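For clarity, every value in this text was computed on a predicted model and none was experimentally measured. So you know, we letter chains A, B, ... as the sequences are listed, proteins then strands, and number each from 1.
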Amino acid sequence: MKIGYRQAFDKTFTITAGLSVFLMVMALVIILGPMLSRGSKAVFFRGTVEFRKMQLAIFNHGSSDQVQAETARVEKAREPVYELLENFQIGIDVELLTDKTREIYRELGQQLRQMDVDRETYAAIRAKAKDIRDTLSDILESTDKDYVNQGIEVILKLSDDPDFKNTVAEQFFPLARMYGENVKNIDLTQRDQYIAALEEVKDALRKLFGPLPGESTPPMPKDRYGATRWDTAQQSLHQLLWAQAWVETKPGESLEKISVRRDDPQKGQFAGTSLEPLFSLVENNLDDMLQPEFTIYWRYFLDDWVNSHYFGGVGSEIIGTLLLTLLSMMFAVPLGVISAAYLVECADENMVVKIIRTCVNTLAGVPSIVFGLFGLAFFVLFLFPRLNMPSKPCILSAALTLSILVLPVIIRASEEAIKSVPQTYKEASLSLGAGRFRTFVTVTLPAALPGILTGIILSLGRAAGETAPILFTGAVAMGPQPKSLFDGVKTLSYSSLDIATGDRLAMMAPHKQYGVIMTLIILVLCLNILAIIIRWRVAKKLRGY
Amino acid sequence: MESSGTPNHMIDLSSSAAEFNRPLLLTPGEDLKGYILGHVGRWSLFTITSASVLAVLLIFIFVIREALPFLTQFSLTEFLTSTRWYPEGTPHEFGALALISGSLYVTLGALILAVPLGLSAAVFLSDIAPFKVQQICKPIIEILAAIPSVAYGFFAILVLAPWMQKNLHFSTGANTLNAAVILAIMALPTIISVAEDSLSAIGRDIREASYGLGATRAETMLKVVIPEAHSGIIAAVILGMMRAIGETMVVWMASGNATQIPSPWWDLSQSVRTMTATIAGDMGETPKGSDHYHALYAIGFLLLIFTFSLNLVSEYFLSRVRKAKGR
C-alpha cells in the first residue's frame, strides 16, 4: 500500500514535470501563432483591383496597361450601382433638387434676356416659370404624397406650353417627372432617416470602391482607394448590407438592437424603394466589381509605408533596424571579443579580474530602460555637446547605447567559445615555437570563430529587438531615412510599439499592425536559428566526427 | 602534456625547410622587444577590457548625476512612502510607493507562476527527459528567450487583453494579471536554464546513493537533489526576478498604467503602473532639467540599486554552485 502510494506520487511528479515543459512549448506556440498568422496576411492575401491601382499610383509597381484595362472593366460593372444610387438620391436629397430648380429659373432669365423678347412676354414667361419653381420647391419640401402628386400633375400640364419651347425651362419637366417616380415608393415623412441611412450606404460604397463618381480626390491616400483586400471588402460589404436597428422582438417588451439587412422586405431601411436592388446587386457581383486575385505582396519588406502604415510595407523600418544594429555591432564586437580574449588568455584569477567579471554581470543585469536613461544623460546631453556634435537623439547615440547593452552578451559568448577550443591546439602551436599572441591569432581565434560568430548573431537579434534603450536615444516613428549619424532612425521594434499603442490609422488595418511585429519576430528568429545551426555544427566538429 | 593528434600525412620537408634558416636562439634585443611588446599588449588589452568596468561606472555616475537634483530637493521619505505621484500638479508631488508596489506586484505575480513551472521544467530536462527531447527543448527555450520584449507586449495588448476582457469579464484587459503572465513566460527561460545547470552540477553519485536506498525518482529529486542544488535554484529565481523587474515594454503595454495600489490587495484584475513603465511613458513628454525629469532619473537609480543588489546576491549563490562543481 505504501509502495503503491509512493509510486503513484512518483508518476504524478514525472507527469507534472513533463506537463510544465509542454506548457512552455504551448506558450511559445500560443504567442507566436496569432502574431505570425495574422502578420502573414500582410503579405499573402487576395488583393483587389483597388490594390493594384494603389500599387501603381503610389509605388509605380505593376503594368499600367493591365491596370487600366481592369479599371475599365470594373467601372463598367460598378456603373449600375452608381446609377441606382443617383436616382434614389434625387428623390431624397431635396436640397440638391431645390438648388437645381433655382438655377434653372435663373438661367431662364438670362436666356430670355439674350433672346431679345419684348418686355411683356418676358414678364409672362418669367411669371409662369416662377409658378413652376415655387410649386416645385413646395412639393420638394412637402411630406404629403397627394399634395406632391397634384403639384407634379400641375407642372406637367404646362410641359406642352409653347412659351417654354427651346428654353432652359424645359428642364423643369423631366426633373418633376423623375421626382414623381422616385417618391412613389418612399415614405416621405421619414425622409431624414433616409438621408442618414443613405450617408451610411455611401460611406460603405466609398470603402468598397473608392470615391464616388464626381467626388474630388480625397487628401488622404487611404481614402483614395476602395477595399484593397478581399477581407476588408467583406467587412465593408457587411457594413453596406446590414444596419443596426431597434426592433420590437416581442410585443410589449423593450426594444432590442439587432442587425437588419437594409433591403429586408419587411424591416429593411430601403424596403420597397428604388435603392432596394442595389444591395443584392453589389452582393452578387462583388467579384466582378473588385476582381480579387491571390497576391503575394513580397514588396511588403521593401516598400516604404504610406499614411501611417495604412498602405505599403516596412522597408524603411527594416533598413533602419539593420543600420542601427550593424552600427552598434561595430562598437561592441571589437570591444567584446578583445575583452573575452583577455579574460580567458591573459588574466589570472586575481581581484581585478573578479571585479571585471562582476561588472560584466552587472552590465548584463541592468534594466534596459536604465540603459535608455544613461544613453540620454551621457551620450546625448553630456558627450555630444562637448565634442561639438548636435545634442539630440540620433542613430549614433542609439547605436552606442545598444552596443553597451549587448557588450556582456558578446563577452560571455566569446569567452565560452575561446574556452571551448581544446587545450591541445594551443599546446601544439606553442610547442612549434609560436608565441602566445601568435598562437591566439593563428590557432585559437580561428577555432573559436564560429562560436564568437554565434554570440555576435545572437546579440544582433537582441539589439534588433530592444526598444526601451532607444526610446529616448534615437528612435522615431516617422521621418526620412537617416542621412547622417545625427538623424533619428525608424526601427521595427519602435514601430511595433507605436503601431500597437499610438497609431489610430494603423488600428484600422490590423494586418499591417501584425505585419510589423511578424517581420521583427521573423528577423530575430532567423538570426537565432542561424546561431543554433552554427553552434550545432561547431559542436559536431569539436566532437571530431 | 601530450598531444593527442597524430600526423596522418608526411610533411614535405624540402619546401618548408627554407623557412627555418633563422637561428633558433633570439638575440638579447629581440628578447627584450618581445618582452616589452608582450607587456604593452597585455596592458592595452587590459585597458580595453576595462571598458565594461568603465561602462558600469559611467552608468552609475550619470544616473546619479541626473537624479541628484531631485534627491537633494525633495524628501526621500516622501518619495519612498507616499503614493501620490502628481509630477505635473501644483505643487509637484513625487510619491513613488505606488510605482514601487506596481513593480513588485507584477514581478511577484510573475515569479509565483514562473518558479514552480520553471523548476519542474528544469527537473524534467535534467533528469527525466531522454537526450533527444533535451536536444529539442533547449532551442525552444532559447527562442522563448530571444523573442523581443516588444513582441511579448504586442501579444499582451492585442491578443491577451481582449481575450481576458471577453472571457474573464475583467473591466480592462490591461491589468496586473496580464503583465504577470507575460513576464512569467519571459522569466521562464532564465529560470529553467540556470536551475537546470545547477541540477546537472549535482553529481551522479548523490543520485545513485539515493536510488540505492530505494527512493523513487520523485523522492530523490525533492529530498536530495533539489535541496543540494538550492543555491543554484535561488540564483535562478533571483535572475528571473531581475528579468521581470527590469522589463519595460511588456509592463508598459500590458499593465494598464494606473498609478495605484490595487485594493483589495489580491485583486489582480486592476491596473498598476511600474517604475520602468513610468520612466518609459513620461520621459518623452518631460522637458530636460525639470523636477519631473530628475524624478524619473531617481526612479531609474532606484531600479539600478534593486537590480545591482539582486545581481550581487545571485553572484554569491552562483559562486557557491561553481565551488560545488569544482569539488
Side-chain angles (χ1 to χ4, degrees), chain A residues 6-7 9-10 13-14 16-18 20-21 23-25 27-28 31 34-35 335 338-339 342-343 346 355-356 358-363 365-370 373-374 377-378 381-382 404 407 411 424 427-428 437 461 465 467-468 471-472 493 496-497 500-501 517 520-521 524-525 528 532, chain B residues 1 3-5 41-42 45-46 48-53 55-56 58-59 62-63 65-66 117 120-121 123-125 128 137 139-140 142-144 146-151 154-155 157-159 185 188 216-218 242 246 248-249 253 276 279-280 283-284 288 297 300 303-304 307-308 311 315:
Chain A
R6 281 171 59 198
Q7 277 174 344
F9 178 68
D10 188 43
F13 181 77
T14 309
T16 317
S20 58
V21 171
L23 258 176
M24 184 190 74
V25 177
L28 186 71
I31 288 177
M35 287 197 279
L335 219 57
I338 291 173
S339 298
Y342 178 80
L343 286 176
C346 308
I355 290 175
I356 294 178
T358 308
C359 281
V360 172
N361 288 340
T362 308
L363 213 52
V366 170
S368 51
I369 188 77
V370 175
L373 286 180
F374 165 70
F378 180 62
L381 297 178
F382 179 82
I404 297 178
L407 192 61
I411 291 181
T424 48
E427 278 158 7
F437 180 72
T467 320
L471 275 178
F472 336 119
S493 52
S496 310
L497 169 74
T501 56
I517 200 76
L520 179 62
I521 291 175
V524 172
L525 280 190
N528 270 277
I532 288 170
Chain B
M1 292 264 176
S3 148
S4 63
R42 225 182 134 92
L45 281 184
F46 175 74
I48 292 170
T49 310
S50 314
S52 0
V53 183
V56 172
L58 283 177
I59 287 175
F62 274 85
V63 172
R65 198 179 95 126
E66 298 291 325
L117 210 61
S120 49
V123 168
F124 182 83
L125 290 180
I128 299 174
C137 283
I140 289 178
E142 260 174 60
I143 286 172
L144 210 55
I147 295 175
S149 57
V150 68
F154 195 93
F155 173 81
I157 196 167
L158 287 181
V159 183
I185 295 171
L188 263 184
T216 61
R217 181 154 59 196
M242 277 168 66
T248 310
M249 302 322 291
M253 291 159 96
T276 48
I279 300 175
M283 188 53 96
K288 312 269 174 292
Y297 270 90
L303 263 177
L304 200 55
T307 48
F308 184 64
N311 192 42
E315 287 266 293

Least distance between heavy atoms, [X] atom then [Y] atom:
| X | Y | answer |
| --- | --- | --- |
| B:S149 | B:M249 | OG-CG, 3.6 Å |
| A:G465 | A:S493 | O-CB, 3.7 Å |
| A:T358 | B:E315 | OG1-OE1, 3.8 Å |
| B:F154 | B:M253 | N-CE, 3.7 Å |
| B:S120 | A:A17 | O-CB, 3.5 Å |
| B:G246 | B:T276 | O-CG2, 3.8 Å |

So do [Y] and [X] actually touch side chain to side chain, heavy atoms under 4.5 Å?
| X | Y | result |
| --- | --- | --- |
| B:F155 | B:V159 | yes |
| A:F13 | B:V123 | yes |
| B:M242 | B:N311 | yes |

Go through the atoms of [X] and report whether side chain, backbone, both or neither lie under 4.5 Å from a heavy atom of chain B.
| X | result |
| --- | --- |
| A:N361 | both |
| A:L373 | both |
| A:L407 | side chain |
| A:I369 | both |
| A:L28 | both |
| A:L525 | side chain |
| A:F378 | both |

Review point. Nearest 0.5 Å, what's the OH-CZ distance between B:Y297 and A:F374?
Key: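 One finds 9.5 Å between OH of B:Y297 and CZ of A:F374.
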Point to revise | Gap between atom OG of A:S496 and atom CD1 of A:I517 - 0.5 Å precision | key: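 Those atoms lie 3.5 Å apart.
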Can you tell which of [options] has the highest number of heavy-atom pairs within less than 4.5 Å of chain B?
| options | result |
| --- | --- |
| A:T16, A:I411, A:I338, A:L23 | A:I338 |
| A:V21, A:L363, A:V370, A:I31 | A:I31 |
| A:I356, A:V25, A:I355 | A:I356 |
| A:I404, A:V360, A:T14 | A:T14 |
| A:L497, A:L335, A:L471 | A:L497 |
| A:I521, A:L520, A:D10, A:I532 | A:D10 |

With chain A, which of [options] has the greatest number of heavy-atom pairs at distances under 4.5 Å?
| options | answer |
| --- | --- |
| B:I147, B:I128, B:L144, B:I140 | B:L144 |
| B:I279, B:I185, B:I157 | B:I279 |
| B:A280, B:A55, B:A51 | B:A280 |
| B:L188, B:L158, B:L125, B:L303 | B:L158 |
| B:V53, B:I59, B:T307, B:I48 | B:I59 |

